[in-house]
Peer 1: 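One structure follows; several queries about it will come next.
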Amino acid sequence: AETVARFLGDVQRQRIVGALDRVLRNQQQPCEHVLISGSGSFLAEAIVGEHRQLKSAHLIRLGECLTPAAAQAACAVAVAHLGHERLVSS
């Protein structure tokens with residue numbers, strides 16, 4: 001079970017790093033702030049701390065700013081808002 005968990009954690013980390021690299025490639029300016037939240041925030045914090053382009057970015061942990069329930073829901077709410085903005089502007 002431990003081997004499977006480690007494998008799945010590595011796969012998840014690779015996917016997150018790949019997605020992060022794609023987003024950062026499209027940015028015209030360096031990323032100065034990173035928001036992390038939700039059940040995977042421990043993994044996000046580790047990835048941001050190790051990422052060469054984000055080491056100097058200011059890390060904002062929503063779990064420290066919001067209630068636990070709000071911090072858990074923050075990512076879903078952000079995606080919903082972005083989707084709504086995209087629909088309205090098209």
Peer 1: Measuring from Leu8:CG to Thr3:OG1, what's the distance to the nearest 0.5 Å?
Peer 2: 11.0 Å
Peer 1: Rounded to the nearest 0.5 Å, how far apart are SG of Cys75 and CG of Leu35?
Peer 2: 9.0 Å
Peer 1: Indicate yes or no for a side-chain donor-acceptor contact from Ser37 to the backbone of Ala74 under 3.5 Å, with no hydrogens or angles considered.
Peer 2: no
Peer 1: Looking at Glu32, I want to see if its CD is surrounded by more than 12 non-hydrogen atoms of other residues, nucleotides or ligands under 6.0 Å.
Peer 2: no
Peer 1: Can any side-chain N or O of Gln53 pair as donor or acceptor with the backbone N or O of Pro30 at less than 3.5 Å?
Peer 2: no
Peer 1: Kindly compute the distance separating CD (Glu45) from CD (Glu50), expressed to the nearest 0.5 Å.
Peer 2: 11.0 Å
Peer 1: Using 0.5 Å steps for rounding, measure from the CG atom of Leu87 to the CG atom of Leu82.
Peer 2: 11.0 Å
Peer 1: Working to the nearest 0.5 Å, report the span between CG of Leu54 and CG of Leu20.
Peer 2: 5.0 Å
Peer 1: Do Val77 and Leu62 share a hydrophobic cluster (ILVMFWY, side-chain heavy atoms under 4.5 Å, transitive)?
Peer 2: no
Peer 1: Determine whether Ile36 and Leu24 fall in the same hydrophobic cluster, where Ile, Leu, Val, Met, Phe, Trp and Tyr are linked whenever their side-chain heavy atoms lie under 4.5 Å apart.
Peer 2: yes
Peer 1: Does one hydrophobic cluster hold both Phe42 and Val34, with members joined at side-chain heavy-atom distances below 4.5 Å?
Peer 2: yes
Peer 1: Taking only residues at least two apart or on different chains, which pairs with a member in residues 49-71 satisfy ring pair (Phe, Tyr, Trp, His ring centres under 6.0 Å)?
Peer 2: His33-His58
Peer 1: Distance from Leu59 atom CG to Ser41 atom OG, nearest 0.5 Å?
Peer 2: 9.5 Å
